[in-house]
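Naming convention: chains lettered A, B, ... in sequence-line order (proteins, then strands); numbering from 1 in each chain. In this text the structure is predicted, and so the values were computed from the model without any measurement.
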2 protein chains.
Amino acid sequence: MSRTAAVPVGAARQGSLRELNLALVLGRIADADRPPSRADLAARTGLTRATVSAVVEDLLLGRLVAEVEPAPRAGAGRPARGLVLAGDGPAGLGLEVNVDYLAVCVVDLAGRVRHHTVERADLRPVPPAEALGRLAALAAAARADAADQGLTPAGAALAVPGLVDDAGLVRLAPNLGWRDVPVPALLARHPALTEHVDGVPPLVVDNEANLAALGELHAGPSGAASFLHISGEVGIGAGIVLDGRLFRGVRGWSGEIGHVPVRPDGRPCRCGGRGCLERYAGQEAVLAAAGLAGADLPADTAAYRLAELARAGDAATLAALHDAGTALGVAVAGVVNLLDLDTVVLGGGYAPLEPWLRPPVLAEISHRVLTAAWSPVTVRPATLGTQAAAVGAAGSVVRRILARPGGWLAHRS
Amino acid sequence: MSRTAAVPVGAARQGSLRELNLALVLGRIADADRPPSRADLAARTGLTRATVSAVVEDLLLGRLVAEVEPAPRAGAGRPARGLVLAGDGPAGLGLEVNVDYLAVCVVDLAGRVRHHTVERADLRPVPPAEALGRLAALAAAARADAADQGLTPAGAALAVPGLVDDAGLVRLAPNLGWRDVPVPALLARHPALTEHVDGVPPLVVDNEANLAALGELHAGPSGAASFLHISGEVGIGAGIVLDGRLFRGVRGWSGEIGHVPVRPDGRPCRCGGRGCLERYAGQEAVLAAAGLAGADLPADTAAYRLAELARAGDAATLAALHDAGTALGVAVAGVVNLLDLDTVVLGGGYAPLEPWLRPPVLAEISHRVLTAAWSPVTVRPATLGTQAAAVGAAGSVVRRILARPGGWLAHRS
DNA sequence: GTCAAATAATTCAACCACTGAACAAATAGT
DNA sequence: ACTATTTGTTCAGTGGTTGAATTATTTGAC
């Protein structure tokens, strides 16, 4: 988990200045919609052209950026040399363990997915050590593929559908049946996940919903940098992104929206409370209400089955989705009132169901959110599919390098 | 509203280095439990003693810190000269308009309240311009008093029980009867609130609950730097403090916990929704349930009256408080599940009622919060009294100077 | 009473990184 | 070919940190 602020609150030594400016320039290159020239960067950052040149020199040497052919420009003057994020520099390795699949992917600095593997398997009966072993094998293959493409894997992040510790201990992953699983220790034997690069931890473990939100952050339309991302799976998790940064809570356990009460005296929940959202908008509840209780569908196809039925006009399914959307809307309205967010993303299993969920969610928001009159809340489906968490995990590694390029550069000198 | 991050994401020029270290050293002086020496600061910040000396020199010249007699120390060696925040430097002016009082206070760099005035008056029938005029008169007196004590008022913050714009426009303050009141424009004629100091805006307007949370942040026990502060007044507002920083939401309208649904099909609320927390734990609801519906008590004495009755064992009051606490607990459980906070502070009118509210709130939390088993949630009363918002407002000005001393120093050179 | 040990704070040359201005490079238009 | 224009680099100047040496001020031992 990223405990580091954008700027460490330590001593500002001389080198900090360069480190700050490396991150600044690199960030502008990443954000730009077309390859900027050094002069563009100088104008946009406020640095002098001389400084930008020196900084870019470092970035080029460290293979973080590359020069491209200048975009033909009207008017006189020496043609600019465009700068882009390197396609052959460091890359992030993203891993995911979920109820019925393992996934691994590699994302480069520019956010492109350069490798992607999914292995379907019911992992509930598999012991954690074995599941992680299989994952490590996939990771080794992914590293090799990345290396073939000229990329240097610089760190990995693992998404787990459960509560994760600072140290990577999985305290509880109910749907997977895991409890107190020391993931880093179990993966320590696998070299694919322990190679260390300065400035980037070899492996971080985090909640699936958190990483899916991060995936959405840099896959989704840029601009909306504050949103609530809801992953509707067997359980319901949420990732909260504020100003382009994931909010993790005091211990990293934020986002348990599935247990927000929506009917305080309602159905009992396995968490011990009553009337939790999960009991009204979780997969089991929706399937039961739609009359598919015994179907025992794999978790990630259930949503598509529901969407099919809804498209066909099945009354029970439509009613079930309406009720789930209303429950979701009640919880979301509370969140929006509390946090003042302007965008809600329906992700995971909710994404294909968005056409039927959005109207009741919006209805609840518009009734219940005090400030909805001044500025409306957008509800939209996630742009990434089921692999949002793995891609988000890989992206989190990449983001870390972009945010603090100093470590990577020091490592390569 | 503080839009600026701790470190602006602009170009890191040469001067930025000094600015960063000024803030770093000043922060350590502020946090220390006893006056640190330059050598202590060097050890704690990682800077060299030479740099610390130079930085401290600047701070002394700018009247931000002062030297004090060394604390007698065992062992040999030249005695250290202790450094403390100056008691005669800049100060923050805190203002509050509420339903039945106006308040003004002055807080110095060390957080001490150096001036404090409250003017009781029912402000609902008073036009905003007149209310603000009276406030400005109090502010002028406070400035004069501060100047007599050697302080330089360096900026002001105003707390309002309502939704405030980035520009200081009060969009809606329902209990005060304000709507679209352009506070800065109305106060522009009053010199006490428009004198400008570099790096500190002359007047910021913010929500009362937000500023009360900030007040609690630096009055409360240090260490708990992430908490939810709930101001139970006529309405119910919350301030969310994360890692020592107030979280304001996308538009600065976070904290509307009063309209979080706790009984989705319950009592209609004036916000247009149903079953909002305010209808179950707001002052009116509690007074009605306790049988004091018509009493028409001033808002800030209602809580004390209820506490009296509860202490005397009045059955209706005890039941009313239990029910309010349960509703509050439902809402708070949702918030804690979502944000993973470990501390909840009962402030405003809830503070004196804490003995009766805490048990039901804790009961709901322990039932409903998934992670409560691993790490308990603390529920405690606010340490600041009814003046939390005014003190917090003044404190926010001071914090801004401490966080970016560069502006103040430039202004004084 | 004097001297050694210890700790605090300052001084100073060296160095790092940014600035501003001058200059070299490369193109379009006339 | 020549000028205008824009890009990118070079270089002396400067602000700020570093590290080591120096000065300052105390305690404790002989």
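- Between D/dG8 and A/Ser37, a contact under 4.0 Å exists linking OP1 or OP2 to a side-chain N or O.
- Taking the charged nitrogens against the carboxylate oxygens, B/Arg38 and B/Glu67 do have a contact shorter than 4.0 Å, which makes a salt bridge.
- OP1 or OP2 of C/dT10 has not a single side-chain nitrogen or oxygen of B/Arg49 nearer than 4.0 Å.
- Neither OP1 nor OP2 of C/dA17 sits under 4.0 Å from any side-chain N or O of A/Asn21.
- A residue-by-residue look at A/Leu17 and B/Glu57 shows that B/Glu57 has its nearest nucleotide of DNA chain C further toward the 5' end.
- Rounded to an integer number of Å, the gap from A/Glu69 CD to C/dA26 P is 13 Å.
- Ion pair A/Arg248/A/Asp206 flagged as a salt bridge, since at least one NZ, NE, NH1 or NH2 atom sits closer than 4.0 Å to an Asp/Glu carboxylate oxygen.
- The base of D/dT14 lies close enough to the side chain of B/Gln14 for a donor and an acceptor atom to sit less than 3.5 Å apart.
- At C/dA9, none of the side-chain N or O atoms of B/Ser53 fall inside 4.0 Å of OP1 or OP2 (strictly under the cut-off).
- Counting heavy atoms from C-beta outward, A/Val200 and A/Trp408 have side chains that stay 4.5 Å or more apart.
- In this structure, B/Leu59 places its CG atom 13 Å from P of D/dG16, rounding to the nearest Å.
- One interatomic measurement links the two molecules: CG of B/Leu60 to C1' of C/dT10, which rounds to 14 Å at whole-angstrom precision.
- In this structure, CG of A/Leu24 is placed 15 Å from C1' of C/dA17, rounded to the nearest angstrom.
- If you check D/dT17, C/dA21, C/dA9 against the side chain of A/Ala50, the one that comes closest is C/dA21.
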Margin query: Could you walk me through whether B/Val56 and B/Val25 satisfy the side chain to side chain contact (heavy atoms under 4.5 Å, CB included) test, starting with their C-alpha distance in whole Å, then the side-chain angles of each, then the deciding distance to 0.1 Å, before giving a yes or no?
Written below: CA-CA 8 Å; B/Val56 167; B/Val25 169; 4.2 Å; yes
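- Salt-bridge formation is not detected for the pair A/Arg251/A/Asp166: no Lys NZ or Arg NE/NH1/NH2 atom is positioned less than 4.0 Å from an Asp or Glu carboxylate oxygen.
- In this structure, B/Glu19 atom CD and C/dC18 atom P are separated by 16 Å, rounded to whole Å.
- When the side-chain nitrogen and oxygen atoms of B/Thr51 are compared with OP1 and OP2 of D/dT18, one or more of them lie within a distance under 4.0 Å.
- The shortest distance between the side-chain N/O atoms of A/Arg13 and the OP1/OP2 oxygens of C/dC16 is not below 4.0 Å.
- Between A/Gly77 and A/Gly15, the residue anchored closer to the 5' end of DNA chain C is A/Gly15, taking for each the nucleotide with the nearest heavy atom.
- Toward the 5′ end of DNA chain D lies the nearest nucleotide of A/Ala80, the other residue of the pair A/Ala80 and A/Ala12 mapping further downstream.
- Of the side-chain N and O atoms in A/Arg78, none sit less than 4.0 angstrom from OP1 or OP2 of C/dA24.
- Summarising the geometry, the separation between CG on A/Leu409 and P on C/dA17 is reported as 12 Å, rounded to the nearest angstrom.
- In this structure, B/Asp58 atom CG and D/dT17 atom C1' are separated by 13 Å, rounded to whole Å.
- Using a 4.0 Å heavy-atom distance criterion, A/Ala39 is classed as a sugar-phosphate-only contact.
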Note to self: Under the criterion side chain to side chain contact (heavy atoms under 4.5 Å, CB included), I'd like the reasoning laid out for A/Leu26 against A/Leu64: C-alpha separation, chi angles, the key distance, then a yes or no.
What the structure shows: CA-CA 8 Å; A/Leu26 194 55; A/Leu64 288 175; 4.2 Å; yes
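- Counting to the nearest Å, the C1' atom of D/dG16 and the CZ atom of A/Arg18 are 16 Å from each other.
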